[in-house]
Amino acid sequence: MSFKKIVLAILSIAILFLISCGERQNLRYFKGAIATVHPLATETGMDILARGGNAIDCAVAVGFTLAVVYPQAGNIGGGGFAIIYINDSSYVTTLDFREKAPIFAKQDMYLDTAGNIIENASLLGHMAVAVPGTVAGLLEMYRRFGTLPLEDLIDPAIKLADSGFAVYEILEQELEASRDQLAQFETTRAIFFKNGEPLRKGERLVQTDLAETLKRIRKYGRSGFYGGRTAALFEASSLEAGGIITQTDLREYMPVWRAPIVFDFHNLRVFSMGPPSSGGILLAQIFNMMEDFDLSSGDPYNPLFVHLFTAACKRAYADRAEYLGDIDFVDIPVQELISQGYARNRIADFDPTQATPSNMIDAGHAWRESESTTHFSIVDQYGNAVGITYTINASFGAKVIVDSLGFFLNNEMDDFVAKPGEPNLYGLVGGEANKIEPQKRPLSSMSPTLVFRGDSLLMVTGSPGGSKIITTVALSILRYFQFDMSLAHAVNQPKYHHQHLPDILYYEIGALEKSEASKLEEMGYTLKEISAYGNLNVVARKSPEKRWEAESDRRRRGKAATVY
Ligand code: GLY
């Protein structure tokens with residue numbers, strides 16, 4: 001070996017040694033990693049992590065902060081799901097704080113006397129509202145696993161609501177997009193409009209009523225929202241506007257701890273949300289159907305991979321409509337649906353050269369969901385993790401602010417099937433399993449998800465996107481682990497989606513080259529290019545020795561950070 005080669009070899013070993021010392025040093029001072037949709041929420045979370053708070057403390061603080069700074073989806077007037085990993089006991093659990101239909105809800109409440117769907121009834125104003133679960137969910141997580149004083153976790157949100165913050169570009173755009181509907185409600189105009197116009201970028205958004213509501217939660221805990229003044233004002237506001245939510249609905253609302261859906265994909269173990277979310281079951285089905293195929297040669301944009309992924313999605317989404325709803329009301333064959341044997345049978349008729357039209361894959365169903373939801377991911381220095389996806393359904397939910405309470409109400413009732421078997425506004429149909437019943441939870445696609453290899457947690461992932469959430473989450477896992485992309489690429493590269501019906505393969509601008517699109521069209525696909533959807537907020541590491549990284553979809557200008 002020449003002298004030059006020996007010097008180079010010694011230098012390489014020295015560099016590798018220094019990198020590994022750096023990694024160890026970093027791991028020693030690591031306080032946590034976080035990705036959320038808004039810089040102010042991420043900074044609140046970073047502060048909690050830096051002070052030694054655990055992932056649950058951090059998630060509670062972020063959840064309340066987003067209710068202030070991201071009113072289009074962050075909320076106390078909606079609901080969601082949390083997936084939680086407790087490192088000490090190697091325990092994964094999920095918390096269902098999905099909204100519930102009010103006690104007075106009826107299966108036909110959105111139909112006129114002729115049995116037709118009443119336009120916007122399940123979308124706009126008090127009739128569209130399901131009983132909110134977010135406050136109960138955040139407080140229940142805190143009760144079980146929190147460590148810092150609760151006041152410390154709510155105070156940052158109260159301060160931001162009281163002192164206000166500058167309206168940012170995305171908020172301006174979303175207010176503008178919903179201006180006509182928002183303007184219908186005086187309570188909403190009073191906060192989000194100035195001189196008859198939605199607030200503009202740079203103007204200050206102060207939310208005094210919301211701050212007062214948060215102060216009551218800080219002082220009285222659960223009953224600061226589900227009882228007392230808040231519940232009384234909520235009921236009065238609802239009944240006056242023709243809604244049906246009463247104080248009894250609020251008092252009786254309880255979140256539920258549920259076992260996660262668990263499945264293996266090659267050497268990964270994935271934990272995700274079970275019913276009333278469809279996310280975990282569909283992820284299991286999609287991954288199980290792909291497991292026996294050779295994916296080693298492809299990249300995620302290779303038409304052959306897109307074809308296989310789509311075939312798996314079509315079958316899984318067809319099952320969604322047939323079988324899935326609130327597990328407290330409907331018998332769901334969960335173990336069968338997520339079994340490898342079932343997946344093999346389901347994909348047995350896959351033709352690698354041709355798309356199978358959706359009408360030949362069962363009489364499947366799907367239904368319209370809004371894409372306005374938000375997800376955040378957190379790991380802490382103790383090895384715990386939390387992923388939360390929560391929502392008020394549409395952007396700004398039902399568009400109505402509760403009088404004197406300062407928060408937007410959800411329109412989650414629209415996630416039920418208003419008329420079983422009949423096409424909805426998008427020409428889609430849904431099944432009996434998701435019909436409206438009192439105190440039932442509407443079926444969701446929200447999929448906060450954890451990925452492990454062996455005992456080691458490697459990823460916390462999740463996204464908004466309505467029915468596209470599930471494929472977005474699936475692609476984040478496949479790109480990062482199966483196709484070994486960087487986290488930045490796994491999160492930010494354009495995506496594609498198929499949900500069985502309509503029989504269209506959607507792809508984000510730039511996702512498919514002309515030649516890839518032509519190849520898929522030759523196989524029988526109908527393609528449709530659409531603008532960006534979803535908003536992944538992910539923390540991940542390639543292996544337990546590596547540093548945690550955090551990434552927030554750059555198109556949505558969130559903030560991802562590691563804390564040391
Ligand atoms: N509202 C959207 C979802 O729950 O999937």
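Heavy atoms only: backbone and side chains are in, while hydrogens, waters and symmetry mates are out. Every number for a ligand or one of its atoms is a count from 1 in the order of the listing.
Near Asn393, with a cut-off below 4.0 Å to any heavy atom, the atoms of ligand 1 are 1 (N), 2 (C). Residue contact check: Ser445 has heavy atoms under 4.0 Å from atoms 3 (C), 4 (O), 5 (O) of ligand 1. Close approach of ligand 1 to Asp415 (heavy-atom distance below 4.0 Å) involves ligand atoms 1 (N), 2 (C), 3 (C), 4 (O). Close contacts between ligand 1 and Arg98 involve ligand atoms 4 (O) [criterion: under 4.0 Å to a heavy atom].
Aromatic pair Tyr507/Tyr525: centroids not less than 6.0 angstrom apart. Between Phe192 and Phe408, the ring center distance clears the sub-6.0 Å criterion.
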- Kindly determine whether Arg98 and Ser277 satisfy side chain to side chain donor-acceptor pair (under 3.5 Å), including the steps that lead there. CA-CA 9 Å; Arg98 180 77 161 157; Ser277 172; over 6 Å; no
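By the 3.5 Å distance cut-off applied to N or O atoms, Glu412 is counted among the residues near ligand 1.
A salt bridge links Asp553 with Arg555: the closest approach of a Lys/Arg side-chain nitrogen to an acidic carboxylate oxygen falls below 4.0 angstrom.
Phe452 is linked by a ring pair (Phe, Tyr, Trp, His ring centres under 6.0 Å) to Tyr85, Phe271, counting only residues two or more places apart in sequence or in another chain.
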